[in-house]
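A quick write-up on the structure given underneath.
Owing to the predicted nature of the structure, the values given are computational and were not obtained by experimental measurement.
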Amino acid sequence: METKEDLKLRYLELLSEKYPTIAAAATEIINLQAILSLPKGTEHALSDIHGEAEQFFHVLKNGSGAVRSKIDDAFGNELSIRDKKVLATLIYYPEQKLNLMLKDEPNPEDMYKTIFSRLIRVCQHCQTKYTRSKVRKAMPEDFRYIMEELIYEQADIANKEAYYNEIVNTIIRIGRAREFVVAMCNLIQRLVIDHLHIVGDIFDRGPGAPAIMDRLMNYHSVDIQWGNHDILWMAAAAGHPVSIATVIRISARYGNLDTLEDEYGINFMPLARLAQTYYADDPCSLFNIHHVERESTGVGQVEERLNEKMHKAISIIQFKLEGQLIASRPEFGMDDRRLLHRIDFEKGTITLYGKEYKLLDTNFPTIDPKDPYKLNEEEELVMEKLIHSIKSCEKLQKHIAFMFNHGSLYLCYNDILYYHGCIPMNPDGSFKELSLYGKSYSGKSLCDYLESWARRGFYAAEGTPEKDLGRDLMWYTWTGSRSPLFGKDRMTTFERYFVGEKETHEEHKDPYYKLYEDEEICSKILTEFGMNPEISHIVNGHVPVKTKKGEKPIKGNGKLLVIDGGFSKAYQPTTGIAGYTLIYNSYGLKLVTLEPFESVEKAVRDETDIRSDTRLVARTEKRKRVADTNRGRELARDKQHLEELLAAYRSGLIREKR
């Protein structure tokens, strides 16, 4: 049997293949030690994007004000506020801004020289946190050599002044100035933010989720904490019928069926035929496009009428499939959400919690009162076609695979615990338990359990019990009362469509959302996830902060920060702002308040920025270094192993491979 010493020696021998000499090992030790002493890179956290691609891209480009901060650091009072705004807008949108700047510019050559000088200076300031190797890798290949020469220029060396000037003059003379400006601006954006956290809800409401996912898949460093809307799409991509019906219903509600059809190639013809067959003379007035989004959908009147009929058709299918699933999984404890058998079809009423209510719509041509949860033949065919269309969509499957590969229900990273929804709790502050199949889960174990089954629901073989249970548990995570992503006692979708009395629409929040005002509760959550509550924080998305009503995003005496991005226009009348984002740099945590974003055109023309206010939440006692981060701890372990290899070389235990 191999001892620990044997295993260690074997590991060092494998390591020696990569570092075959004393010189190679020593060089890497020096390199790692130097990296550990660098300032910690800037992290950017955003949440609840909800398909608002244009606004998301703008926040990504300006780094929630981080780019403007770098400009201020680089120039101080040398530039006017006006010049700084022009430079910031140029960095965000170089092509569009250049077009405007060149329009009335009598001397483009001088303008380009000024732009080059300023961009190089900002870039010089941004690169100081990184190794030269990392900066080089971030540069576009076409301009890599030139950028290196200019960025690492030493102004005090007079002998090279003519050399640097000639580089700039030649770029302009040969007609590559525009391309060089664009490349420099993109490099600055890349260097300002070292890592991006998306704290849930990329999908639903807005039409831009596919474009957002494409951008994230090409982002240099990103992680995703799944939101409740994300997990629904993940279950749908896995072929889960209830989740597919729900995704399509929400898309119809917000006028986004065209996005699903055009971006993901989902075939809605069978659903349209079903809707026209059964609801041709039905006004479907309860199923119009959500009023907040109506103006921005661009849907014509005829198309809107069809959308409403399809919306009703898929809603009825969803309610039927939900009833089937809940009946098949009594352990979920959701029987109160099976509502179709509670309808008195003759009277046009429904009985809820012992009280009878009049229905706003009583036209249910596809429901058999004797078996209300059974799909008819046409509905069965529609679902078969939709399941096939979604499972065979290569683009959607790639996007969801990326969500699994780069995502999780929570993340412990650099002394911050990130999660989207909540940690379900009882009113007394204890963690709420979910009991399934003879075991109970709460707190961290609940999150781990649901994440594990979500992965099985997507990756397990078709037709296996693991696949079926995994997909059903993903749906439970979307809507279940003990789900860490949902955070309410019920989802009253049917009542909001069909019952006028507001009392039936109530969805009571988990006690967590009152308890997280208490610093001790936040510390308890941090301890549950293995984090030091003295130095750690929680970053939470999901619930818009109602600033209009005086609500604050900082909870638990600064231990917990709510950063619901408020990107969705549906929330902005309630919140009064466009939400919050977080910047975490080597000096501490900054909460950034966002103003509503109108358009790229306005941002470029008026040089408006999305940042309206920044507040310092926590300042570190001393500037954080790479050594203080998750990545730094990994590098420190690597350095320790290399030092052990170096000792083995010098003792003769392992021979150099010359």
Q.
Minimum heavy-atom separation for E54 and S599, please, with both atom names.
A. OE1-CA, 3.9 Å
Q. Do the side chains of L485 and D230 get nearer than 4.5 Å, heavy atoms only?
A. no
Q.
Checking side-chain polar atoms at under 3.5 Å, does D201 have a donor or acceptor matched by the opposite partner on H420?
A. yes
Q: Start with the C-alpha gap between F116 and M184, add the side-chain angles, then the distance that decides, and say whether side chain to side chain contact (heavy atoms under 4.5 Å, CB included) holds.
A: CA-CA 9 Å; F116 284 3; M184 284 292 293; over 6 Å; no
Q) Would you say the side-chain atoms of N585 pair up with the backbone N or O of G588, donor to acceptor, closer than 3.5 Å? A) yes
(Q) Using a 6.0 Å distance limit plus a 45 degree cone around the ring axis, check whether R455 lies over the aromatic ring of F404. (A) no
(Q) Using side chain to side chain contact (heavy atoms under 4.5 Å, CB included), reason through L561 and L582 one step at a time and then give a plain yes or no. (A) CA-CA 9 Å; L561 311 173; L582 185 78; 3.6 Å; yes
Q | Pair E394 + K398, salt bridge at N-O below 4.0 Å | A | yes
Q: Please lay out, stage by stage, how L560 and I554 fare under the test side chain to side chain contact (heavy atoms under 4.5 Å, CB included).
A: CA-CA 6 Å; L560 187 147; I554 302 173; over 6 Å; no
Q | Distance in Å, N405 CG paired with I224 CD1, rounded so as to fall on 0.5 Å steps | A | 10.0 Å
(Q) Would you say CD of E520 has more than 12 non-hydrogen atoms from neighbouring residues, nucleotides or ligands within 6.0 angstrom? (A) no
Q. Should the pair K488-D510 be classified as a salt bridge under the 4.0 Å nitrogen-to-oxygen rule?
A. no
Q | Stepwise side chain to side chain donor-acceptor pair (under 3.5 Å) check, R625 with S37 | A | CA-CA 6 Å; R625 304 287 170 179; S37 67; over 6 Å; no
Q: Look at the aromatic rings of Y418 and H197 and report parallel, tilted or perpendicular, splitting at 30° and 60°.
A: parallel
Q) So how far is it from M234 CE to I231 CD1, rounded to the nearest 0.5 Å? A) 4.0 Å
Q) Run the side chain to side chain donor-acceptor pair (under 3.5 Å) check on D415 and Y584 step by step: do they pass? A) CA-CA 11 Å; D415 301 321; Y584 181 18; 4.7 Å; no
Q: Could you check if a side-chain atom of F75 sits within less than 4.5 angstrom of a side-chain atom of D83, using non-hydrogen atoms only?
A: no
Q: Quick one: do H44 and S64 satisfy side chain to side chain donor-acceptor pair (under 3.5 Å)? Show the steps, please.
A: CA-CA 8 Å; H44 190 193; S64 289; 2.6 Å; yes
Q) Will you find, in the side chains of S452 and R456, an N or O donor that is under 3.5 Å from an N or O acceptor? A) yes
**Q.** Check ion pair R631-E634 (N to O, under 4.0 angstrom)
**A.** yes
Q) Between K622 and Y587, is NZ or CZ placed under 6.0 angstrom from the six-membered ring centre and within 45° of the ring axis? A) no
Q. Counting distance only, does the side-chain N/O of T479 pair as donor-acceptor with the main-chain N or O of Y476 below 3.5 Å?
A. no
Distance-only check: which donor-acceptor pairs under 3.5 Å involve side-chain atoms of residues 208-218, not counting sequence neighbours?
{"from": "D214", "atom 1": "OD1", "to": "H399", "atom 2": "NE2", "distance (Å)": "2.8"}
{"from": "N218", "atom 1": "ND2", "to": "D214", "atom 2": "O", "distance (Å)": "3.0"}

Q | Y93 and H58: CA distance, side-chain angles, deciding distance, ring-ring contact (aromatic ring centres under 6.0 Å, His included) verdict | A | CA-CA 9 Å; Y93 300 103; H58 185 66; 5.6 Å; yes
Q) Do D73 and H125 have side-chain heavy atoms sitting under 4.5 Å apart? A) yes
Q) If we only count heavy atoms from C-beta on, is the I563 to P553 side-chain gap below 4.5 Å? A) no
**Q.** For the student: nearest non-hydrogen atoms of A236 and S243, plus distance
**A.** N-CB, 3.7 Å
Q) Going by heavy atoms in the side chains, are L46 and V199 under 4.5 Å from each other? A) no
Q | Atom pair CE/CG of M474 and L232 - distance to nearest 0.5 Å | A | 10.0 Å
Q: Taking the side chain as every heavy atom from C-beta outward, state whether Y410 and D448 have any pair of such atoms under 4.5 Å apart.
A: yes
Q. Do Q33 and N31 get their side chains close enough for a donor-acceptor pair, meaning under 3.5 Å?
A. no
Q | Side-chain donor or acceptor of R190 paired with backbone N/O of H220 under 3.5 Å | A | no
Q: Rounded to the nearest 0.5 Å, what's the gap from OG1 on T42 to CG on L191? Could you check?
A: 10.5 Å
(Q) side chain to side chain contact (heavy atoms under 4.5 Å, CB included), that's the test. Do M139 and L187 meet it? Break it down for me. (A) CA-CA 6 Å; M139 294 173 177; L187 178 62; 4.0 Å; yes
Q. Under the 3.5 angstrom rule, does the side chain of K97 hit a backbone N or O of V604 as a donor-acceptor pair?
A. yes
Show every donor-acceptor pair shorter than 3.5 Å between a side-chain atom in residues 530-539 and any protein atom, with sequence neighbours excluded, or say none if there are none.
{"from": "N532", "atom 1": "OD1", "to": "E534", "atom 2": "N", "distance (Å)": "2.9"}
{"from": "S536", "atom 1": "OG", "to": "N532", "atom 2": "O", "distance (Å)": "2.8"}

Q: Take D72 and K84 through the salt bridge (Lys or Arg N to Asp or Glu O under 4.0 Å) test and state the conclusion after the steps.
A: CA-CA 8 Å; D72 289 338; K84 287 179 180 178; 3.3 Å; yes
**Q.** Residue K395 excluded, over 12 heavy atoms near NZ under 6.0 Å
**A.** yes
Q. Is the shortest distance from a Lys or Arg side-chain nitrogen in E148 or R132 to a carboxylate oxygen in the other one below 4.0 Å?
A. yes
Q.
Quick check: H229 with H50 (ring centres under 6.0 Å apart)?
A. yes
Q) Ignoring hydrogens and geometry, is there a side-chain-to-backbone donor-acceptor pair from E451 to L409 under 3.5 Å? A) yes
Q. Are any of the side-chain nitrogens in K444 or E528 under 4.0 Å away from the carboxylate oxygens of its partner?
A. no
Q.
Measuring only between side-chain heavy atoms, which start at C-beta, is I188 closer than 4.5 Å to K70?
A. no
Q | Pair E78 + R118: basic N to acidic O under 4.0 Å | A | no
Q) Is a donor on one side and an acceptor on the other found under 3.5 Å between the side chain of S47 and the backbone of D564? A) no
Q. Hey, which of L417, D518, L526 is the one that makes side chain to side chain contact (heavy atoms under 4.5 Å, CB included) with K559?
A. L526
Q | Q397 side-chain N/O to I390 backbone N/O, donor-acceptor pair under 3.5 Å | A | yes
Q. Sub-3.5 Å donor-acceptor pair from the side chain of W233 to the main-chain atoms of I400, do we have one?
A. no
(Q) What's the separation between atom OH in Y419 and atom SG in C447, rounded to the nearest 0.5 Å? (A) 8.5 Å
Q.
Whether K509 engages the ring of Y513 as a cation-pi pair (distance to the six-membered ring centre under 6.0 angstrom, angle to the ring normal within 45°) should be assessed.
A. yes
Q | T477 OG1 to L450 CG distance, which is reported to the nearest 0.5 Å | A | 4.0 Å
Q.
So does L411 get a backbone contact from the side chain of Q225, meaning a donor-acceptor N/O pair under 3.5 Å?
A. no
Q) If we only count heavy atoms from C-beta on, is the D223 to I198 side-chain gap below 4.5 Å? A) no
Q: Answer yes or no: is there a donor N or O on one side and an acceptor on the other, between the side chain of S445 and the main chain of Y441, under 3.5 Å?
A: no
